[in-house]
Amino acid sequence: MTSPSSTKYNAETLRNSLIQRAKELETTLDKMLPRMKSGEANLMEAMRYAVLGGGKRLRGYLVTEVASLFDYPLSKALYVGASVEMLHAYSLIHDDLPAMDDDDLRRGKPSTHIKYGEAIAILAGDALQTKAFELIAMEEAHEDAMVRIQLVQALAEASGSRGMVGGQVIDMEGENSHLTLPEVLNLHAMKTGRLICYSAEAGAILGNATPDLHNHIISYGRDLGTAFQIADDVLDATASAEELGKTAGKDGAAGKSTFVSLLGIEDARKEADRLVAKAIRHLEPFGDTADNLRALAEYVVYRKN
C-alpha cells in the first residue's frame with residue numbers, strides 16, 4: 001500500500017487539516033451533548049464517553065471537506081459532521097457488546113459497556129442514534145427543509161437494514177462460514193462503506209451539487225469506503241492491540257471471511273491501492289480544490305489504526 005513517504009499529495013497539509021477539523025468537530029459535539037445534573041446525567045456521561053476525545057473523525061471530515069468544494073459554510077456543515085460522528089459512535093457501542101463482537105477495548109480505553117454497564121451502553125447508543133437525526137433536522141444545519149429531508153433519508157438508508165445494520169447481521173451470521181469475495185464486498189459495502197459513502201454524499205447534498213458532481217462524490221465515497229475496510233482487514237491481521245486501540249486479530253479468531261483471508265495480505269494491499277487510485281479519479285472535475293480528499297484516500301490505506 002502507498003506509504004507516507006511516497007504519497008503524491010501533501011500528507012502534512014492533510015494531517016494539519018484533519019487535526020484542525022477534529023478540534024472543530026469535538027467542540028460541536030461537546031456543545032450538542034452538554035453535561036446534565038438530572039436523572040439522565042449518567043446516560044449523558046456515557047454518550048460523551050463514547051463520542052468525545054478520540055477517533056480519526058474521518059466521517060465528519062468527509063462531510064465538511066466535500067461541503068467546502070461547494071462553498072458551503074463550515075459552521076453549518078459541522079452540525080452534519082457531528083451528526084455522522086454520533087451515529088458512528090452508536091454503532092461502535094453496540095458493536096462492542098457481548099452479544100455482538102464482544103470487545104472490551106475501543107480507541108485505547110475500556111468499551112462503553114465495560115465502563116458503564118451493558119444497559120446504559122445500549123441506551124447511550126440508542127440516544128446517540130436519535131440525536132444524530134435531531135442534528136440534521138435542525139435549521140442550523142441547512143435553512144432549506146428539503147435539503148434536511150434529503151440528509152435524513154440518506155442517513156436512514158445508509159445506517160439501516162440495507163446499510164450498516166444489515167451489514168452487521170451478515171457479518172455475525174458469516175462467522176465460521178466461507179463467504180465468497182462478492183459476498184464479502186457486499187457485506188462491507190453495507191456495514192462500513194455505506195456510512196463512509198453517506199458522509200461524502202452529505203457534503204454534496206449540503207452544497208446542492210449538480211447531479212453529475214453528486215454522482216462523482218458518491219463514486220468517490222463508495223471506493224474510499226471499500227479501500228478503508230480492506231486496510232482495516234490488513235491492520236487486524238498485522239497490527240498490535242496497542243497500535244489499533246482495540247483487540248487485534250479478532251476477525252481471524254472468529255472465523256470471519258475477510259479480504260485478507262480471501263486475497264492474502266499482499267493482494268489485499270494491491271486491491272486497496274487500486275481502489276484509492278479509482279477514488280482519486282472521481283475527483284477530477286474538482287481540480288486542485290479536492291487535493292485534501294485525494295490525500296485522504298491515500299491516508300486510509302497507510303494509517304496505523
Side-chain angles (χ1 to χ4, degrees), residues 1-4 55-56 58-59 88 91-108 111 158-159 161-199 219-279 296-305:
M1 290 189 280
T2 308
S3 69
K56 295 174 285 294
L58 170 69
R59 292 155 188 81
H88 178 54
S91 75
L92 299 181
I93 293 173
H94 285 197
D95 200 36
D96 290 338
L97 290 168
M100 305 275 272
D101 277 359
D102 192 14
D103 208 321
D104 293 348
L105 192 66
R106 174 65 65 179
R107 293 174 175 170
S111 300
S159 59
S161 60
R162 295 189 178 183
M164 183 183 70
V165 173
Q168 176 70 6
V169 171
I170 296 171
D171 190 29
M172 291 189 302
E173 292 182 347
E175 291 184 8
N176 297 311
S177 63
H178 299 286
L179 302 180
T180 65
L181 184 58
E183 288 172 332
V184 170
L185 281 165
N186 179 61
L187 154 63
H188 289 304
M190 293 171 68
K191 182 182 176 183
T192 304
R194 283 296 301 275
L195 199 58
I196 290 175
C197 188
Y198 162 81
S199 301
S219 297
Y220 165 81
R222 181 189 63 236
D223 291 333
L224 180 72
T226 305
F228 180 94
Q229 184 57 51
I230 293 174
D232 248 21
D233 284 358
V234 171
L235 284 168
D236 185 72
T238 61
S240 67
E242 290 74 20
E243 290 171 313
L244 291 176
K246 59 183 180 180
T247 307
K250 290 209 70 177
D251 290 343
K256 291 184 179 181
S257 297
T258 68
F259 290 106
V260 168
S261 70
L262 290 168
L263 299 175
I265 290 174
E266 289 309 312
D267 282 347
R269 285 172 169 159
K270 289 177 183 177
E271 179 63 11
D273 282 340
R274 185 189 73 81
L275 286 163
V276 163
K278 190 179 173 188
L296 186 71
E298 293 187 338
Y299 163 77
V300 302
V301 299
Y302 67 69
R303 61 194 164 89
K304 301 300 182 183
N305 55 39

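These numbers were taken from a predicted model, which means no experiment stands behind them. FYI, the numbering just counts along the sequence from 1.
Distance check: Asp102 CG to Leu97 CG gives 9.0 Å after rounding to the nearest 0.5 Å. Interatomic distance, CE of Met100 versus CD1 of Ile93, reported as 11.5 Å (0.5 Å rounding). Atom OG1 in Thr258 sits 7.0 Å away from atom NE2 in His188 (nearest 0.5 Å). Atom-to-atom distance recorded for Arg269:CZ and Asp233:CG is 12.0 Å, nearest 0.5 angstrom. The line from CD1 of Ile196 to CD of Gln229 is 8.0 Å long, rounded to the nearest 0.5 Å. The CE atom of Met190 sits 4.0 Å away from atom CD1 of Ile170, with the distance rounded to the nearest 0.5 Å.
Contact between Ala272 and Val301 at its shortest, heavy atoms only, is CB-CG1, 3.7 Å. When every heavy atom of Gly55 is checked against every heavy atom of Arg107, the shortest pair comes out as CA-NE, 3.6 Å. For the residue pair Asp267 and Leu263, the shortest heavy atom distance occurs at CB-O, 3.2 Å. Across every non-hydrogen atom of Asp171 and Lys191, the tightest pair is OD2-NZ, 2.7 Å. Residues Asp103 and Leu105 approach most closely at OD1-N, 3.2 Å, considering heavy atoms. The nearest pair of heavy atoms linking Val300 to Ala231 is O-CB, 3.2 Å.
In terms of modelled atom types and a separation under 3.5 Å, the side chain of Ser261 and the main chain of Ser257 share no donor-acceptor contact.
Put simply, the residue from Leu187, Thr192, Asp95 that forms a side-chain contact (heavy atoms from CB on, under 4.5 Å) with Gln168 is Asp95.
Between Tyr198 and Met164, every side-chain heavy-atom pair lies at or beyond the 4.5 Å cut-off. At a threshold of 4.5 Å between non-hydrogen side-chain atoms, the residues Leu296 and Leu58 count as touching.
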